[in-house]
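All of these numbers come straight from a predicted model, not from anything done at the bench. Order of the sequence lines fixes the chain letters, A, B, ..., with proteins taken first and strands second; residue numbering starts at 1 for each chain.
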2 protein chains.
Amino acid sequence: MTRRVSIVDVAREARVSVATVSRILSNSDYPVSPETRARVLEAARRLDYVPDAFARALVRRRTGIIALTVHDIADPYFAEIARAVEDASQASGYRALICSTDRDPDKELQVVRSFRAFRPDGLIFAGGCVEDAAHVEKLRRGVGSLAVRGTRVVALSRHPTGVPMVRVDNVAVARAATEHVISLGHRRIAFICGQPNFTTSTDRLEGYRQALAAYGLPFDPDLIVIGWYTWEGGYRATRELLARGVDFSAVVASTDIMAIGALVALREAGIHVPDRVSLVGINDLPVASVVDPPLTTVSFRVRDLAAVAVRLILDALDGREIPQDTVLDFDLKVRRSTRPFPV
Amino acid sequence: MTRRVSIVDVAREARVSVATVSRILSNSDYPVSPETRARVLEAARRLDYVPDAFARALVRRRTGIIALTVHDIADPYFAEIARAVEDASQASGYRALICSTDRDPDKELQVVRSFRAFRPDGLIFAGGCVEDAAHVEKLRRGVGSLAVRGTRVVALSRHPTGVPMVRVDNVAVARAATEHVISLGHRRIAFICGQPNFTTSTDRLEGYRQALAAYGLPFDPDLIVIGWYTWEGGYRATRELLARGVDFSAVVASTDIMAIGALVALREAGIHVPDRVSLVGINDLPVASVVDPPLTTVSFRVRDLAAVAVRLILDALDGREIPQDTVLDFDLKVRRSTRPFPV
DNA sequence: TTGTAGGCGTTATCAA
DNA sequence: TTGATAACGCCTACAA
């Protein structure tokens, strides 16, 4: 293995000091004679020199890294987030370091802890947070020890740890989804919920409740079914719902992914969507419009969430004040999985 | 911002030298007295000390980073890959650094170059490679300058740069997809190709040709349509195919994602799948089984590709010889998007 | 405008 | 078994 080419080699090649090289290759507004600059640039090019990020991070107080925790990078929602974080980071010369937590509190803690070794300039929590007091406290501590060392932290959903948030109002989102089917005349509306105790889950369930209440409809626990935030989860939850034998003409799913799982289960059971059952999702992922029927869903700019979060982190790094709670808009996208009731 | 707690603080707290702390915390097998070890461990815990990855990487010759280039992390195929790389890396104490290239040769070059600053221990190319001599040469040089500094490089598809590969035989894969519909009696078979000049594209097109040739069927250019590796791409390609007015009873798509786009286009055109047209994809992504009809596709263990690649990198890092070309198995998954012809 | 030298946090090489 | 101390590659006062 050849010795790596360092700033010393470039300095020697250009017959200047390392300080001069450093000034030209990093701190660009420092006065340097044009000839020297040219000679150094040429030497760096000839040697194919790339400054070492590790050495640089050691002496600067910045690592150029933005850490991102997602529940599962293979989940289309988080893949979108990851892509947006990557793009926004790269545009400002930062790099994204991504880790999946699988919605496992312990793994989340461990991920946050392991991030500390990299002293990231920013940390973004993408998924919902477990609402367990003990866990939240541990997480708050983990976040604190990062923050105290300069990492700016932002969450993309309601986060009980008290970090700044960029998010949509999930209560309102689920309420909009539910009110849509209510306004179509549906009265017996099932709700497919993701893993309980997550902020996202409780908020969306609450939105569903609020919609019912607003229209004076009874809340029937038999219409609520708890599942997982996956296709399989939506599928199984719907099977369970069907097994209960309760009457319903509409299903609100906590996410598009779960809604698509529900679609499969309904199809298998010979229940036509939307002729016999209307179905609404949340998120408006690309996949929502390619299924049959195209999914009615609540839409918000998933990528904007991430982009704004990155911008806030950069702002905070620049010493600016950043808002504690940024709430983005959403709107209902009516496609063909919902229709009036009765037919 | 508080000063970060360093090894010096731990040493002072435990009243030993930094050397001793380092030896204990980097858990080398260096002999240390039990009492000292306990004291140091306790001090580290009390101070909540985490060694700085950057300082460590500077002096060790390892960074603990495995870099990954994907075409687009938001594409379900690459999201699967990313997840598997992440898992396999983490299991061995490494971290994955992911970048999307958007199938843009220049961006790919730039990504590879920018990776150099991080001196990753491993680099995985996930997507197909542009088969342009000039680009391949540039890429080979970029890879070379990483390799010369110790980065082990592996590609997850045929790669003209000469780096070790872990892959499926894409010619055989596409041939299997095509032979499936031929064996069902189809004769006029369209092929939806991804962006040309990529190894994956040319290989899969070649597989399609070989299947036709094997059955003595003519190759009709009118049945080939070039698109993009996206839903939109599959959709548009299919629209173009329909606009040509050529006769066909089956479509082989270069990927599941394109196949699903094709499905939407066919549905819109009132062409039933599989009653009037059979449709095959490639990859067997999770989404393939939730669309209607569930997609017949060629299946291979996408995650294994990535996991094996990580293992090879670790092996190489340990000084072991690694195979130049590892070819994984695949098999046809017949679902409900294909049926015999004529009906 | 350019150069010298100290230090960032860690590991590794010598001594002790 | 433990401790000084010289790297690792870079940036940045401070000097010249």
Please tell me which of the listed nucleotides, [options], lies nearest to the side chain of [X]?
{"X": "B/Val59", "options": "D/dC11, C/dG3, C/dT10", "answer": "C/dT10"}
{"X": "A/Thr36", "options": "D/dC8, C/dT2, C/dT10", "answer": "C/dT2"}
{"X": "B/Ser17", "options": "C/dG3, D/dC11, D/dA4", "answer": "D/dA4"}
{"X": "B/Pro31", "options": "D/dC8, D/dT1, C/dT11", "answer": "D/dT1"}

5'-most by nearest nucleotide on DNA chain D - A/Arg60 or B/Pro34: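 This one resolves to B/Pro34.
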Which pair of heavy atoms, one from B/Leu58 and one from A/Ala55, lies closest together, and at what distance?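 Looking at all heavy atoms of both residues, the closest pair is CD1-CB, 3.6 Å.
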Please list residues of residues 111-119 of chain B whose heavy atoms come under 4.0 Å from any atom in DNA chain C, ordered by number; otherwise none.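 Going residue by residue through residues 111-119 of chain B, none turns out to have a heavy atom under 4.0 Å of DNA chain C.
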Quickly work out the [X] [atom1] to [N] [atom2] distance and round it to whole Å.
{"X": "A/Leu58", "N": "C/dG7", "atom1": "CG", "atom2": "P", "value": "14 Å"}
{"X": "A/Arg62", "N": "D/dT12", "atom1": "CZ", "atom2": "C1'", "value": "16 Å"}
{"X": "A/Ile24", "N": "D/dC10", "atom1": "CD1", "atom2": "C1'", "value": "15 Å"}
{"X": "B/Ile7", "N": "D/dG3", "atom1": "CD1", "atom2": "C1'", "value": "13 Å"}
{"X": "A/Arg56", "N": "D/dT12", "atom1": "CZ", "atom2": "C1'", "value": "13 Å"}
{"X": "A/Asp52", "N": "D/dC11", "atom1": "CG", "atom2": "P", "value": "10 Å"}
{"X": "B/Arg149", "N": "D/dC8", "atom1": "CZ", "atom2": "P", "value": "15 Å"}
{"X": "A/Leu25", "N": "D/dG9", "atom1": "CG", "atom2": "C1'", "value": "13 Å"}

Does [N] have its OP1 or OP2 closer than 4.0 Å to a side-chain nitrogen or oxygen of [X]?
{"X": "A/Arg23", "N": "D/dC11", "value": "no"}
{"X": "A/Thr20", "N": "C/dG3", "value": "yes"}
{"X": "A/Ser22", "N": "D/dC10", "value": "no"}
{"X": "B/Ser33", "N": "D/dT2", "value": "yes"}
{"X": "A/Ser6", "N": "D/dC8", "value": "no"}

Can you tell me whether the side chain of A/Tyr30 and the base of C/dT2 have a donor-acceptor pair closer than 3.5 Å?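 Yes, a donor-acceptor pair under 3.5 Å.
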In terms of side-chain heavy atoms, does A/Glu86 have a donor or acceptor partner in B/Ser100 at a distance below 3.5 Å?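 There is such a pair (donor and acceptor under 3.5 Å, judged by atom type) between the side chains of A/Glu86 and B/Ser100.
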Does a side chain donor of either A/Ser114 or B/Arg95 reach within less than 3.5 Å of an acceptor in the other side chain?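 Yes - a donor-acceptor pair under 3.5 Å links their side chains.
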I need the single residue from B/Val308, B/Leu314, B/Val310 that forms a side-chain contact (heavy atoms from CB on, under 4.5 Å) with B/Leu312. Which is it?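 Of the listed residues B/Val308, B/Leu314, B/Val310, the side-chain contact (heavy atoms from CB on, under 4.5 Å) partner of B/Leu312 is B/Val308.
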Which one of A/Leu139, A/Val136, A/Thr199 satisfies the side-chain contact (heavy atoms from CB on, under 4.5 Å) criterion with A/His159?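 The single option meeting the side-chain contact (heavy atoms from CB on, under 4.5 Å) with A/His159 is A/Leu139.
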Spell out, as yes or no, whether a donor-acceptor pair under 3.5 Å connects the side chain of A/Ser26 to the backbone of A/Ser22.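 Looks like yes, one N/O pair under 3.5 Å.
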Could you tell me how the ring of B/Phe54 sits relative to the ring of A/Phe118: parallel (under 30°), tilted (30 to 60°) or perpendicular (over 60°)?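 The arrangement is perpendicular - the two ring planes meet at more than 60°.
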With a 6.0 Å cut-off on the ring centroids, do B/His71 and B/Tyr229 count as close?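 No, the ring of B/His71 stays outside the 6.0 Å limit from the ring of B/Tyr229, centre to centre.
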Which part of the nucleic acid, if any, lies within contact of A/Val21, taking any heavy atom under 4.0 Å across all strands shown: a base, the sugar-phosphate backbone alone, or nothing?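 The residue A/Val21 makes no contact with any strand.
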